[in-house]
Amino acid sequence: MTDFETRFLEARKAYIASRFPNLNSMQLQAVLATEGPLLILAGAGSGKTTVLIHRVFNLLKYGRASDSDLLPTGADEAMLQEILDRGPMADEYAALYPVAPWHVLAITFTNKAAGELKNRLGAMLGEQAADVWACTFHSACVRMLRRDADRLGFTADFTIYDTSDSLSLIKHILKDFELDEKYYIPRAVLNEISHLKGESHWPDEVLAEARAGGDRHRIKVAEIYKEYMHRLTLSDSMDFDDLLLYTVTLLDEHEDVRLYWQNRFPYILIDEYQDTNPLQYRFSELLAGGRKNICVVGDDDQSIYKFRGATIENILTFENHYPSCRTIRLEQNYRSTGHILEAANAVIRNNTSRKGKELWTQHEEGELIELTIADNEHDEAQIVASVMMANYGRGENWKDHAVLYRKNAQSNSLEYALKRHGIPYRIVGGTRFFDRAEVKDILSYMCVVSAPTDDLRLERIINVPARGIGNKSVQTALEIAHDQNVSLFEIVSHADQYEELTRSAPRMRLFANLIRDLKAFAEVNPPDALFDEIIEKTGYIRALEEKNTAEDTGRIENVREVKTSILTYIKESGDSTLSGFLANVALYTDLDNYDSEQDAVTLMTMHSSKGLEFPHVFLIGMEETMFPSMQAIGEPEEMEEERRLCYVAITRAMKTLHLLAARQRMIFGRTSSNRVSRFVDEIPEEHIKKNAPKSYGYWESSRFSAYSEPRPKSSHSFQTAASPTGSSIRPAAAKKDVSPVPVPTFALGDNVKHKAFGEGVIVKMTPMGNDSLIEISFQSVGNKKLMLRAAAQYMVKI
DNA sequence: CGCACCACAATTTTT
DNA sequence: TTGTGGTGCG
């Protein structure tokens with residue numbers, strides 16, 4: 001290499017590096033290493049997404065320049081000088097084969113992460129960003145499959161089964177096979193099938209092996225698996241795992257397809273690599289092809305999805321699979337305080353089989369982690385509410401608080417406490433909006449219109465709203481369909497040809513015509529119009545209106561909300577095909593709806609919290625059998641996964657971390673008590689402050705009750721607090737701004753009667769934001785502090 | 001055929 | 001405690 005060349009390359013690299021002044025040296029390395037396999041071990045809060053964004057930026061702007069010895073054609077002293085001077089022309093001379101945006105594929109696990117990636121890319125790159133494929137494994141697969149579905153025996157409009165669809169299909173099959181759900185638990189069978197698919201095992205192979213082995217249970221599961229696949233194929237449907245399984249098949253067996261996608265994506269980035277399963281590994285391997293420009297980002301310590309087939313091996317052995325791989329560790333944490341980070345490090349250190357990473361930070365030690373032992377789960381929730389109110393009083397936002405728990409069921413007591421105090425909250429997870437029965441009904445109509453061969457969904461709606469086609473008739477029709485190996489719709493359309501069906505034949509014919517009309521309608525109209533047509537022609541909403549119960553009003557709202565989501569989809573994606581919308585629905589999760597702008601406390605499982613961060617985090621239920629969970633105790637591997645989950649949970653916290661445990665707790669109506677979680681013991685004492693029991697069990701006695709200034713604050717959107725009994729529909733998914741709560745007309749000194757607490761007098765009012773904190777002295781229950789807006793709904797002046 | 005009630009079961013995490 | 005599924009009655 002000539003002296004000029006060396007000088008040129010050095011100058012070029014230095015120039016490009018200078019374009020990323022905000023990155024630390026490790027981050028910079030990760031951004032500049034564009035060529036060949038790259039493993040980025042990114043600790044929690046180490047600026048992983050930032051690296052990803054800048055990496056894409058570097059690729060699009062400078063191509064391979066930062067990682068290549070190639071000189072641009074005609075490189076001369078003038079160019080070198082330009083780069084050394086870093087003048088406005090430098091960009092042009094520094095670039096080497098800039099990558100076109102559509103040549104970059106960035107895979108994430110959640111739509112939310114993909115969305116965030118897109119947004120941040122958009123902010124940095126402008127319009128170009130739109131052409132980068134930033135999506136989840138599943139949506140990437142859908143897009144690939146739509147193109148070549150016919151090669152696999154599907155139509156381009158194949159539908160996607162979500163988990164509950166799959167589950168009911170399994171139940172049907174169990175019934176047909178006359179297997180007892182007690183021994184073949186549908187959920188478990190589905191899990192087994194999912195794991196088999198995750199390791200690329202097809203039914204025939206599994207069945208053969210099971211038969212050779214002779215284990216009855218395994219044989220039955222294999223048979224169920226085979227039948228399950230068969231019926232999915234008949235319905236022109238795929239489940240979540242199929243999306244990957246078939247895409248891998250497609251890439252594996254069709255060289256032209258494989259080459260097409262390999263050429264399409266010379267640069268591949270995969271986020272959360274520790275959560276990939278073997279099938280996803282194969283997918284990325286096939287795409288990376290010979291070029292091997294594959295960059296994976298992950299953290300073995302944050303692998304928490306082993307239960308659904310993810311294998312840590314993928315990340316642990318990446319270096320073996322790709323011998324030329326470079327590995328970069330990002331260990332500087334920009335998120336948490338010293339105490340929090342030390343606690344996380346201390347906990348995770350107890351795991352074996354790690355790549356080994358120690359997070360460090362330049363931040364201060366910060367506040368001590370607080371551990372509080374509550375009397376029971378209500379007390380626990382109460383304490384959480386109290387601390388949050390105190391923080392709010394000091395000027396913190398509700399949205400800066402998150403409560404994390406091991407399992408969804410734990411949210412109940414919290415919801416109750418937050419509701420009573422009028423603290424706005426939002427639950428992530430639990431029942432998805434699209435899982436509500438009425439919503440599924442409407443979507444099932446749309447699915448059937450899209451694919452009438454979809455027996456499962458057809459069965460769901462054939463008599464909804466009631467149109468006189470009883471279950472008996474449907475089952476008979478299903479049997480006939482089965483015998484003839486055709487779809488249910490086929491039989492229903494010609495019901496009058498079968499004696500067994502003569503009674504309901506006229507109604508079946510009517511129904512078949514309805515579907516046919518709707519299908520014809522859908523061919524020339526967009527999905528939102530189809531929605532209207534379905535509502536109109538089926539009388540779905542009318543049927544609900546006639547019942548006219550309180551619950552049905554909510555259901556009607558949910559049904560209407562479906563239209564909003566259709567319109568949103570069309571607007572955001574620019575796609576107005578029915579199958580596009582339906583696929584989007586199936587791949588949608590609650591987290592996607594998570595809008596961090598709304599000022600509300602976040603409640604979610606530790607699992608869903610991965611990738612997020614909050615200034616103030618509360619971990620509740622820190623007791624043995626809750627966390628670590630019952631089934632992990634005594635299972636070393638499971639225990640390690642629980643510990644990683646704990647690590648994830650702790651590292652969500654930026655400024656303060658509260659750990660809570662309850663002395664006793666109701667579990668299936670029975671009280672039980674367990675000692676504090678081992679994970680708490682694993683945190684060195686110097687990072688923890690243990691609150692004496694009862695020290696602030698109730699709001700009033702708290703040293704946190706230091707309220708200060710009322711603070712100027714723009715509008716809050718408050719949740720509609722549902723009925724005080726708590727028998728509410730979860731306010732989780734439907735994103736709607738609730739009608740403004742009328743300005744409460746209570747004043748200091750008023751005598752009031754509260755639904756839950758009885759009579760009392762307002763002794764204190766402190767304006768806070770556009771709400772007020774009021775203190776009421778109740779006759780029977782003593783003093784209570786409440787948020788006025790929420791309390792006003794349960795209170796009258798007397 | 002549709003609805004209501006009762007008994008029973010099951011409790012982890014989710015793309 | 002909640003939800004689901006089955007049964008029995010109108």
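Keep in mind the model is a prediction, meaning the values are calculated, not measured. Sequence lines set the chain letters: A, B, ... in the order given, protein chains first and strands last, and positions in each chain run from 1. The figures that follow rest on heavy atoms only: side chains count, while hydrogens, waters and symmetry mates do not.
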Where the side chain of [X] is concerned, which of [options] is the nearest nucleotide?
| X | options | answer |
| --- | --- | --- |
| A:Q631 | B:dT13, B:dT12, B:dC1 | B:dT12 |
| A:E638 | B:dT12, B:dT14, B:dT15 | B:dT12 |
| A:T110 | B:dT14, B:dC1, B:dT15 | B:dT15 |

If you look only at pairs with a residue in residues 240-251 of chain A, which of them pass as a salt bridge (Lys or Arg N to Asp or Glu O under 4.0 Å), with sequence neighbours excluded?
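Listed by first then second residue: A:K197-A:D242.
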
Any N/O pairs under 3.5 Å between the protein and nucleotides 2-9 of chain B? List them or say none.
from: B:dG2; atom 1: OP1; to: A:N463; atom 2: ND2; distance (Å): 3.1
from: B:dG2; atom 1: OP2; to: A:N463; atom 2: ND2; distance (Å): 3.1

Rounded to whole angstroms, how far apart are [atom1] on [X] and [atom2] on [N]?
| X | N | atom1 | atom2 | result |
| --- | --- | --- | --- | --- |
| A:R308 | B:dT15 | CZ | C1' | 5 Å |
| A:E272 | B:dT14 | CD | P | 14 Å |
| A:F137 | B:dT14 | CZ | C1' | 15 Å |
| A:L404 | B:dT13 | CG | P | 14 Å |
| A:N412 | C:dT1 | CG | P | 11 Å |
| A:D242 | B:dT15 | CG | P | 18 Å |
| A:Q274 | B:dT13 | CD | C1' | 15 Å |
| A:L244 | B:dT14 | CG | P | 19 Å |

If the condition is side-chain hydrogen bond (donor to acceptor under 3.5 Å, both in side chains), which residues does A:D176 pass it with, not counting sequence neighbours?
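Listed in chain order: A:R231.
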
Below 4.0 angstrom from OP1 or OP2 of [N], is there any side-chain N or O of [X]?
| X | N | value |
| --- | --- | --- |
| A:N408 | B:dT13 | yes |
| A:S609 | B:dT13 | no |
| A:S629 | B:dT13 | no |

Pairs: protein N or O with nucleotides 5-8 of chain C N or O, under 3.5 Å:
from: C:dG5; atom 1: OP1; to: A:K171; atom 2: NZ; distance (Å): 2.8

A:E623 and salt bridge (charged side-chain N to carboxylate O under 4.0 Å, His left out): which single residue from A:R406, A:R663, A:R665 fits?
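The salt bridge (charged side-chain N to carboxylate O under 4.0 Å, His left out) with A:E623 is passed solely by A:R665 among A:R406, A:R663, A:R665.
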
Return the 5'-most residue of the pair A:I185, A:S608 with respect to DNA chain B, ranking by each residue's nearest nucleotide.
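Its nucleotide being nearer the 5' end, the pick is A:I185.
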
Most 5' of A:T108 and A:R503 on DNA chain B, judged by nearest nucleotide:
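The residue whose closest nucleotide sits nearer the 5' end is A:R503.
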
Mind checking the P distance from B:dT13 to C:dT4? Whole angstroms is fine.
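Comparing P positions in B:dT13 and C:dT4 gives a spacing of 14 Å.
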
Side-chain donor/acceptor contact of A:R187 with base of B:dT14 under 3.5 Å:
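Present.
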
Please confirm whether any donor atom in the side chain of A:R406 sits under 3.5 Å from an acceptor in the base of B:dT13, or the reverse.
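Side chain to base: pair present.
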
Per-pair distances, 0.1 Å, donor-acceptor, side chain in residues 625-636 of chain A, under 3.5 Å, sequence neighbours excluded:
from: A:T625; atom 1: OG1; to: A:N674; atom 2: OD1; distance (Å): 3.2

Passes salt bridge (charged side-chain N to carboxylate O under 4.0 Å, His left out), A:K48 versus A:D271? Steps please.
CA-CA 9 Å; A:K48 175 188 70 172; A:D271 195 9; 3.4 Å; yes

Does a salt bridge link A:R643 with A:E638, judged by any charged N lying under 4.0 Å from a carboxylate O?
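Salt bridge flag = no for A:E638 with A:R643.
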
Cation-pi check, A:R460 onto A:Y445 ring (under 6.0 Å, within 45° of axis):
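Ring-cation test returns no.
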
To the nearest 0.5 angstrom, please state how far the OH atom of A:Y569 sits from the OH atom of A:Y588.
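Nearest 0.5 Å value for the OH-OH distance: 14.5 Å.
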
Can you tell me how far apart CG (A:D165) and OG (A:S235) are? Round to the nearest 0.5 Å.
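Output value for this atom pair is 10.0 Å.
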
Quick one: label A:F109 by what it contacts on the DNA or RNA (base, sugar-phosphate, nothing), any heavy atom closer than 4.0 Å.
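The answer is sugar-phosphate, as A:F109 gets under 4.0 Å only of primed atoms, P, OP1 or OP2.
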
Does A:S194 reach a base, just sugar-phosphate, or nothing at all? Heavy atoms under 4.0 Å.
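No contact at all - A:S194 keeps every heavy atom at 4.0 Å or more from the nucleic acid.
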
pi-stack flag for A:F307 and B:dT13, centroid dist under 5.5 Å, interplanar under 30°
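Yes, A:F307 stacks on the base of B:dT13, since the ring centres sit under 5.5 Å apart and the planes are within 30°.
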
Any residue meeting ring-ring contact (aromatic ring centres under 6.0 Å, His included) with A:H607, in chain and number order, not counting sequence neighbours
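Residues passing ring-ring contact (aromatic ring centres under 6.0 Å, His included) with A:H607: A:Y305, A:F307.
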
Using the ring-ring contact (aromatic ring centres under 6.0 Å, His included) rule, pick out the option among A:F283, A:Y281, A:Y273, A:F240 that qualifies with A:F137.
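Of A:F283, A:Y281, A:Y273, A:F240, ring-ring contact (aromatic ring centres under 6.0 Å, His included) with A:F137 is met by A:F283 alone.
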
